[in-house]
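Please read all numbers here as calculations on a predicted model, not as lab measurements.
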Amino acid sequence: MDQVGHRTHHEGTAHDQTAPDHTAHDENRHSHTDQPLPHGAHGTHGGASWATATKATLHCLTGCAIGEILGMVIGTALLWDNVPTMILAITLAFLFGYSFTLFAVRRAGLDLKSAIKVALAADTVSITVMEVVDNAIIALTPGAMDAHIDDALFWSALLGGFAVAFLITTPVNKWMIGRGKGHAVVHAYH
């Protein structure tokens, strides 16, 4: 090889320190597109962090707790039977749970129809798991269904149910967010 050809060969190869290294792996991206991944999501090969899942679950728990406590208090104060009281509490838990997300994405500029779709996609599984666990604990705690607002058993069963529901729902949210579902759809609007 002549001297010019030899120099060109070495300058245009991977030995050139100024050339980009195409073999390096960017740990933050598992996609070949330039689209950013939702906050907390790391593509299909990764997963959401526990911090992201915990934050999403606390967000959901706040709405559920407000709705459920309000429903239990109203039903108990009105001396309703257990079934209508639980129906009211669960309905209000979903209503408040969805409304927290709905208001957040509306503030971000989404129209009402799109905001409702995002809230339903983001919260349905999380609220459902939380409500099933929480209400099962209340129903299975001896005497809790007949306890009144001023009874410690009423509050300990209700708050204990929230604590257990939080522990069970957090891994569910982590799994869903890691796959771009659940609360991952909301992060695009934060």
Side-chain angles (χ1 to χ4, degrees), residues 27-30 36-75 85-110 112 114-141 144-145 152-190:
E27 293 181 21
N28 293 324
R29 201 187 283 259
H30 294 277
L37 294 171
H39 176 70
H42 299 284
T44 57
H45 301 295
S49 70
W50 282 106
T52 299
T54 298
K55 183 178 177 184
T57 306
L58 285 173
H59 173 91
C60 186
L61 178 65
T62 302
C64 287
I66 290 169
E68 191 158 336
I69 289 170
L70 185 61
M72 291 287 194
V73 168
I74 290 169
T85 298
M86 287 188 87
I87 291 171
L88 176 63
I90 292 168
T91 301
L92 291 176
F94 273 91
L95 181 68
F96 277 88
Y98 286 136
S99 69
F100 276 32
T101 299
L102 183 67
F103 291 131
V105 295
R106 288 282 291 145
R107 269 185 306 209
L110 231 55
L112 183 60
S114 297
I116 290 170
K117 288 180 182 179
V118 167
L120 291 173
D123 294 329
T124 300
V125 172
S126 183
I127 295 171
T128 301
V129 171
M130 199 164 290
E131 287 303 302
V132 167
V133 172
D134 180 52
N135 285 288
I137 289 171
I138 292 169
L140 296 174
T141 300
M145 293 296 292
L153 181 59
F154 173 87
W155 292 104
S156 62
L158 187 61
L159 298 177
F162 288 142
V164 174
F166 173 80
L167 294 174
I168 292 173
T169 307
T170 301
V172 172
N173 280 335
K174 183 180 185 310
W175 181 80
M176 289 181 59
I177 293 167
R179 279 143 190 83
K181 300 181 185 307
H183 281 268
V185 301
V186 174
H187 290 289
Y189 304 101
H190 286 282

Measure the [atom1]-[atom2] distance between [X] and [Y] for me, rounded to the nearest 0.5 Å.
X: Ile138; Y: Leu159; atom1: CD1; atom2: CG; value: 9.0 Å
X: Thr170; Y: Lys55; atom1: OG1; atom2: NZ; value: 14.0 Å
X: Thr62; Y: Phe96; atom1: OG1; atom2: CZ; value: 12.5 Å
X: Ile74; Y: Ile69; atom1: CD1; atom2: CD1; value: 12.0 Å
X: Asp134; Y: Glu131; atom1: CG; atom2: CD; value: 6.0 Å
X: Thr169; Y: Ile127; atom1: OG1; atom2: CD1; value: 10.5 Å

Next on the checklist: Checking His59 against Ser126 for the side-chain hydrogen bond (donor to acceptor under 3.5 Å, both in side chains) test, could you report, in this order, the C-alpha distance in whole Å, the side-chain angles of both residues, the deciding distance, and whether it holds?
Outcome noted: CA-CA 10 Å; His59 173 91; Ser126 183; over 6 Å; no

Nearest heavy atoms of [X] and [Y], plus distance in Å:
X: Ala119; Y: Thr101; answer: CA-CG2, 3.8 Å
X: Thr124; Y: Phe94; answer: O-CE2, 4.3 Å
X: Ile116; Y: Leu102; answer: N-CD1, 3.6 Å
X: Val105; Y: Ala115; answer: CG2-CB, 3.6 Å
X: Asn173; Y: Ala56; answer: ND2-C, 4.2 Å

